[in-house]
Amino acid sequence: MVSLEADHEGGVAKRLWNKFKNERDLALYSPFVVCLASGTLDPTSFLHCISQDFYLLQAFAQAYELAEEYADDDEDKEAIGKLRKRVLKRLRNQDKLISEWGFEPPKEHVCNDATSKYTEFLMETASGKVGGEKFAVKIVTPFEKTKLAAYTLSAISPCMRLYTFISKEILALLDPDESNHIYKKWLDSLSSEKFEASASRIEDLLDKLSISLTGEELDVVERLYHRAMKLEIDFIWSQSIVQQTIVPFSLLYNSVEDNLITLCDFDLTCTAIDSSNLLAELAIVAATNTTEPQLPSSADIRTMWNDLFSQYVEEYQQCIESIVPSEACVDASSKGTGLDYEGLCKAMEQISEVEKRATSRVIHSNVLKGLNLAEIKRAGEHLAFQDGCKRFFQDLVESKKRAADIHVLSYCWCGDLIKSAFSSGEENVLNVHSNNLVYEASVSTGDITKDMESPMDKLRVFNDVTNRENGGKASTVYIGGTAGDLLCLLEADFGIVIGLSSSLERLGKHFGIAFVPLFSGLVSKQRELPETGILSRDGRSNILYTVSSWDEIHTFILGR
């Protein structure tokens, strides 16, 4: 764990809020928040959720009372006391507020398990039982009391900030003049200046009370803050939803007839490095260890790789420039002219020629000759993945979905490398569609079977897979990150772009493709979702969905 002392960008509260960005973002993908944002959330679910405020506010008031007692600075005591008074006022006015939001206050309150877990954690923290007996605080000196006040505020701070964050993210999707969203008044209250001021005041106090803490004590603050955020996110995900929801997406497809097929690119979509770089390093090592005089030296191999790579990059950039000249770059997606699919296909044909020439040059150079299959598999097992990617596929395989419905489509020259990367020595359950090295006695000859060279090859495999499965009735998710994925992304029910690059965005927008954040897209889809829970799709969409992490994809498809 990195000490918070090492980071000087803002106070403790801000640093922790930013550190756990991925986790807090996952609250947006909960069924409750997606339905809430869409305005389709059943009022019964909403009322049950806000009825839990009765228990949360009581716990906040008790925790503030203890924190006020612990603080040794009169100014801090006064500030904490004001926070407590605001909580008590809100608790007294809760029914009135619910009426102002347009709802009938619930006649009774039933505390759910997720609420109990958070309130118990908060009261244990405020009482000095911090993180279990190991970190229990003995209240002896005034300084130790101040430390406990900081710990208590660290267990409250992320909850307040999380609600302002969620409400602002939702309101950003709504028309400012929209009046028919039944939860807008509630959302407005959570994003109001008054609510924001309370959240900021808690954070300011946490920063001030943490100034004198040691590195070890700041680590305790971090653990408590993280625990509080996780419990609050658990609370959001635990909310009962009576309607069909677009998330988790896999739950829409529980039968063979309505199967879900997940397809994905490999290099730099799944992996942290391009597989060609790894194969290049293996080729250099193989050349270093060889005793055959007719094979090139490791220095020669390195030079050839550099030349091959430079030539590919130059041709690719020239190709993109010929398709979308920089001086004539126009965002066709914003002009409402629709998708120019024919033009995009012609552009992909041009890119295909570049990819094919590059593969042919690699084969003719014999630069991959002499690679040992066992070494390739071993390297694949240790290949670095993007954070969360491998866990997503492992969880997808272990879910109720059939393993045959997971497909990897890649230009990679070695399918064995991909299989070993995903299997890590275990039985591989993914379908891999790629090129392959040719071997003699488990040693590569330098030749490649050219099965997947271009965007058009990817589209062919995509169509073969999706048309074969269930007579074409299956729903599809395609995950990619390169220009070569554009056609497959557009064909899928959900085309997800991870880590949107400037070149991909430039090319896509030129042909009328709109890139929409996944959360925003899910809110729109939730509004369209019929009671049957089956999405209809009329024609090819020009919308692709963007994410910044695999955790977003995991939560969208499988849930938390």
Side-chain angles (χ1 to χ4, degrees), residues 26 29 31 34 245-266 269-270 386 388-410 422 429-433 458-459 461-470 472-482 484-500 504 513 515-526 528-529 533-537 540-560:
L26 299 188
Y29 292 92
V34 170
T245 62
I246 196 72
V247 288
F249 192 54
S250 62
L251 296 186
L252 284 175
Y253 304 96
N254 291 318
S255 66
V256 174
E257 291 75 18
D258 297 321
N259 196 24
L260 172 64
I261 304 176
T262 305
L263 307 100
C264 185
D265 178 40
F266 182 65
T269 295
C270 292
Q386 300 280 358
C389 173
K390 205 165 187 178
R391 181 176 65 253
F392 164 71
F393 282 105
Q394 289 170 343
D395 289 350
L396 187 59
V397 168
E398 292 171 4
S399 73
K400 295 180 180 179
K401 303 299 106 188
R402 293 185 296 122
D405 295 331
I406 308 172
H407 300 260
V408 178
L409 283 59
S410 175
F422 279 106
V429 290
L430 276 67
N431 296 279
V432 175
H433 310 269
K458 283 193 171 185
L459 180 60
V461 172
F462 179 96
N463 288 330
D464 286 346
V465 168
T466 56
N467 289 335
R468 182 177 65 245
E469 296 284 345
N470 305 314
K473 296 179 181 178
S475 291
T476 54
V477 172
Y478 188 95
I479 305 157
T482 69
D485 295 311
L486 277 172
L487 296 177
C488 292
L489 287 163
L490 289 170
E491 292 297 327
D493 293 304
F494 273 91
I496 300 177
V497 179
I498 184 167
L500 179 61
L504 176 60
I513 296 172
F515 295 93
V516 176
L518 180 58
F519 172 63
S520 174
L522 292 177
V523 172
S524 297
K525 289 288 188 183
Q526 184 63 43
E528 301 168 6
L529 190 67
I534 303 299
L535 287 172
S536 59
R537 185 176 181 185
R540 186 181 292 111
S541 172
N542 72 324
I543 297 175
L544 298 182
Y545 303 97
T546 60
V547 297
S548 59
S549 73
W550 275 93
D551 287 340
E552 289 183 73
I553 297 171
H554 187 293
T555 312
F556 158 53
I557 296 177
L558 294 174
R560 253 187 110 220

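Heavy atoms only: backbone and side chains are in, while hydrogens, waters and symmetry mates are out. Residue numbers run from 1 in the order of the sequence given.
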Point to revise | Student check: side-chain heavy atoms of Thr262 and Asp405 closer than 4.5 Å | key: no
Practice item. Using side chain to side chain contact (heavy atoms under 4.5 Å, CB included) as the criterion, list what pairs up with Gln526, not counting sequence neighbours. Key: Val34, Cys35, Ser38, Thr40, Gln243, Thr245, Ile246, Leu529
Revision key, fill the gap. Of all heavy-atom pairs linking Thr555 and Asp551, the shortest is OG1-O, 2.7 Å
Review point. Going by heavy atoms in the side chains, are Val397 and Leu430 under 4.5 Å from each other?
Key: yes
Exercise for review: Evaluate the side-chain contact (heavy atoms from CB on, under 4.5 Å) criterion for residues His433 and Asp464: first the C-alpha distance (whole Å), next the side-chain angles of each, then the deciding distance (0.1 Å), finally the verdict.
Suggested key: CA-CA 11 Å; His433 310 269; Asp464 286 346; over 6 Å; no
Exercise for review: Please tell me if the side chains of Phe422 and Val432 come closer than 4.5 Å, counting only heavy atoms from C-beta onward.
Suggested key: no
Review point. Do Cys270 and Cys264 have side chains that get closer than 4.5 Å, going by heavy atoms?
Key: yes
Review point. Is there a side-chain contact between Glu491 and Leu459 (heavy atoms, below 4.5 Å)?
Key: yes
Exercise for review: Could you tell me which residues satisfy side chain to side chain contact (heavy atoms under 4.5 Å, CB included) with Ser524, sequence neighbours excluded, listed by chain and number?
Suggested key: Arg527
Review point. Are side-chain heavy atoms of Leu260 and Ile557 found at a separation under 4.5 Å?
Key: yes
Practice item. May I ask you to check whether Phe249 and Phe556 place their ring centers less than 6.0 Å from one another? Key: yes
Review point. Looking at side-chain heavy atoms only, is the closest gap between Val523 and Ser520 below 4.5 Å?
Key: no
Practice item. Can you sort out the partners of Thr482 under side chain to side chain donor-acceptor pair (under 3.5 Å), two or more places apart, ordered by chain and number? Key: Asp485
Exercise for review: Would you give the length of the straight line joining atom CG of Leu544 to atom CG of Leu489, rounded to the nearest 0.5 angstrom?
Suggested key: 5.5 Å
Check your understanding: How long is the span from the CD atom in Glu552 to the OG1 atom in Thr546, to the nearest 0.5 Å?
Key -> 8.0 Å
Check your understanding: Between Phe392 and Ile479, which heavy-atom pair has the shortest distance, and what is it?
Key -> CE2-CD1, 4.3 Å
Practice item. Just jot down the ring-ring contact (aromatic ring centres under 6.0 Å, His included) partners of Tyr545, sequence neighbours excluded, or say none. Key: Phe494
Review point. Taking Asn542 for the side chain and Ile513 for the main chain, is one N or O donor matched with an acceptor at less than 3.5 Å?
Key: no
**Study point:** Backbone N/O of Gly559 and side chain of His554: donor-acceptor pair under 3.5 Å
**Key:** yes
Check your understanding: What pairs with Gln386 under side chain to side chain donor-acceptor pair (under 3.5 Å), at least two apart in sequence or on another chain?
Key -> none
Practice item. With sequence neighbours left out, write down each residue that passes ring-ring contact (aromatic ring centres under 6.0 Å, His included) with Phe519, or none if nothing qualifies. Key: none
Practice item. Would you please name every residue forming a side chain to side chain contact (heavy atoms under 4.5 Å, CB included) with Thr476, sequence neighbours left out? Key: Ile261, Leu263, Phe462, Thr466, Ala492, Asp493
Point to revise | Sequence-distant partners of Thr269, side chain to side chain donor-acceptor pair (under 3.5 Å), two or more places apart | key: Asp265
**Study point:** CD1 on Ile553 to CD1 on Ile496, rounded to 0.5 Å
**Key:** 5.0 Å
